[in-house]
Amino acid sequence: MNVTLSKDGDKILCQDHNAETCHKCGVDWTSHNQLAASLKQVKDIPPPNAANPVRSGQVNRLKEEGNKFFKTGNYTEAIRFYTMAVDLSWSRPLWEPLAFQYVREELSPVLSNRSAAHLALRNFVDALVDAETVTQLKREWSKGWFRKGKALWGMGRAQEAADAFQTGLRFDHESEELKKALAEVQDG
């Protein structure tokens, strides 16, 4: 099927018969042309939906509550609050502008903190899952590699732990935390 535009450029037509509705070719461009005409009437294109600042604030408040419990050594309660923050962040509608960027920036520190709480409870597998997610969301952030290395070290996987610490050091050459952890693994 060949198409063309009307002389004024406002309508799609059957090229062979120069018709908007062509029974010979079995095409009808009427609805397309009506939609195009209605869209031409729009003078001001509305802005995209704005990101929901309330959601970001709620995620941050939940993370801060988790941090308070973490600092007092109540790691189970810290994990509960971090998990609520994760769930709220993941529920961000994908049509929000920069939704993935918000989720990435919100989740990285929350998951890193939850990984630390899991490490404190010696839940090494859960700590590794969170740390691995951090390294996927924010590859260049050395804290994710540190948490991953600590989880692997806790699981007795020394070579993989050393690799994680070394990867973190590639992103942050000055990290004393990573250097100390790597030395600990290398010393056995």
Side-chain angles (χ1 to χ4, degrees), residues 49-188:
N49 292 338
N52 185 344
V54 173
R55 182 181 310 269
S56 295
Q58 290 169 332
V59 169
N60 195 51
R61 278 190 294 283
L62 289 168
K63 180 186 78 167
E64 292 304 320
E65 281 299 309
N67 290 347
K68 287 178 191 174
F69 285 107
F70 186 91
K71 289 174 186 171
T72 64
N74 190 344
Y75 303 117
T76 302
E77 198 62 12
I79 289 168
R80 190 172 78 80
F81 276 92
Y82 294 144
T83 300
M84 286 190 286
V86 167
D87 292 344
L88 185 59
S89 184
W90 272 127
S91 71
R92 186 179 292 283
L94 295 179
W95 61 80
E96 275 189 21
L98 304 173
F100 181 73
Q101 178 126 6
Y102 278 108
V103 169
R104 178 180 180 254
E105 295 302 318
E106 288 171 351
L107 283 181
S108 298
V110 173
L111 288 172
S112 177
N113 292 357
R114 190 170 74 176
S115 178
H118 281 303
L119 284 168
L121 292 173
R122 303 184 58 78
N123 298 335
F124 298 121
V125 173
D126 291 333
L128 178 59
V129 169
D130 283 348
E132 180 65 30
T133 304
V134 172
T135 65
Q136 296 299 312
L137 287 171
K138 211 168 180 180
R139 181 167 173 70
E140 71 284 355
W141 193 38
S142 64
K143 184 65 79 176
W145 295 103
F146 174 75
R147 299 274 190 250
K148 182 176 179 175
K150 293 298 266 185
L152 289 164
W153 178 241
M155 296 168 74
R157 295 162 58 180
Q159 184 55 54
E160 291 172 86
D163 292 345
F165 294 140
Q166 288 169 341
T167 301
L169 282 167
R170 277 189 239 136
F171 294 112
D172 183 1
H173 309 297
E174 305 302 317
S175 173
E176 291 301 319
E177 187 176 54
L178 283 165
K179 289 177 185 178
K180 182 179 173 186
L182 180 59
E184 180 184 345
V185 170
Q186 290 172 336
D187 292 343

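Atoms NZ and CG, on Lys63 and Asn60 in that order, are 5.0 Å from each other to the nearest 0.5 Å. Separating the CG atom in Leu111 from the OG1 atom in Thr133 is a distance of 6.0 Å, to the nearest 0.5 Å. The CG atom of Leu107 sits 9.0 Å away from atom CZ of Arg114, with the distance rounded to the nearest 0.5 Å. Distance check, rounded to the nearest 0.5 Å: CZ of Phe146 to CD of Glu177 gives 3.5 Å. Here the CZ atom belonging to Phe165 is positioned 10.0 Å from the CD atom belonging to Gln186, to the nearest 0.5 angstrom. Of the inter-residue distances, the one linking Phe70 atom CZ with Tyr75 atom OH reads 5.0 Å to the nearest 0.5 angstrom.
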Derivation of the side chain to side chain contact (heavy atoms under 4.5 Å, CB included) call for Gln166 and Val185 = CA-CA 11 Å; Gln166 288 169 341; Val185 170; over 6 Å; no
Could you go step by step and tell me if Lys150 and Glu184 meet the side chain to side chain contact (heavy atoms under 4.5 Å, CB included) rule?
-> CA-CA 10 Å; Lys150 293 298 266 185; Glu184 180 184 345; 3.9 Å; yes
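Gly144 and Val134 make their closest contact through CA-CG1, 3.6 Å (heavy atoms, listed as atom of the first residue, atom of the second, distance). Scanning both residues, Glu77 and Arg80, for their nearest heavy atoms gives OE2-NH2, 2.7 Å. In terms of heavy atoms, Tyr102 sits closest to Ser56 at CD2-OG, 4.0 Å. In plain terms, the two heavy atoms of Ala78 and Gly66 that are nearest each other are CB-O, 3.3 Å.
Using a 4.0 Å cut-off between a side-chain N of Lys or Arg and a carboxylate O of Asp or Glu, Glu106 and Arg92 qualify as a salt bridge. In this structure, Glu65 pairs ionically with Lys68, as a charged nitrogen and a carboxylate oxygen lie closer than 4.0 Å.
Thr135 and Arg147 are not linked by any side-chain donor-acceptor pair at a separation below 3.5 angstrom, with hydrogens and angles left out of the test. Side chains of Glu105 and Gln101: a donor-acceptor N/O pair is absent below 3.5 angstrom, by distance only. For the residue pair Arg139/Thr167, the side-chain donor-acceptor check at 3.5 Å is not satisfied.
With Ser108 contributing its side chain and Arg104 its backbone, the two residues share a donor-acceptor pair below 3.5 Å. No donor-acceptor pair under 3.5 Å is formed between the side chain of Ser142 and the backbone N or O of Gly168. A donor-acceptor pair under 3.5 Å links the side-chain atoms of Ser91 to the main chain of Leu88, judged by distance alone. Counting only distance, with no hydrogens or angles, the side chain of Tyr82 and the backbone of Ser115 share no donor-acceptor pair below 3.5 Å. In terms of modelled atom types and a separation under 3.5 Å, the side chain of Ser89 and the main chain of Val86 share no donor-acceptor contact. Remark: the backbone N or O of Asp126 is not paired with any side-chain donor or acceptor of Asn123 at under 3.5 angstrom.
Annotation: side chain of Ile79 is in contact with side chain of Leu121 (closest heavy-atom distance under 4.5 Å). When side chains are defined from C-beta on, Asn113 counts as touching Asn67, because their heavy atoms get closer than 4.5 Å. Annotation: side chain of Trp153 is not in contact with side chain of Glu160 (no heavy-atom distance under 4.5 Å). Between Phe100 and Leu137 there is a side-chain heavy-atom pair separated by less than 4.5 Å. Proximity of Glu64 to Arg61: side-chain heavy atoms (C-beta onward) are nowhere separated by under 4.5 Å.
The side chain to side chain contact (heavy atoms under 4.5 Å, CB included) with Phe171 is formed by just one residue from the set Lys138, Lys143, Glu140; it is Glu140.
Because its NZ or CZ atom is not both nearer than 6.0 Å to the ring centre of Trp145 and within 45° of the ring axis, Lys148 does not count as a cation-pi partner of that residue.
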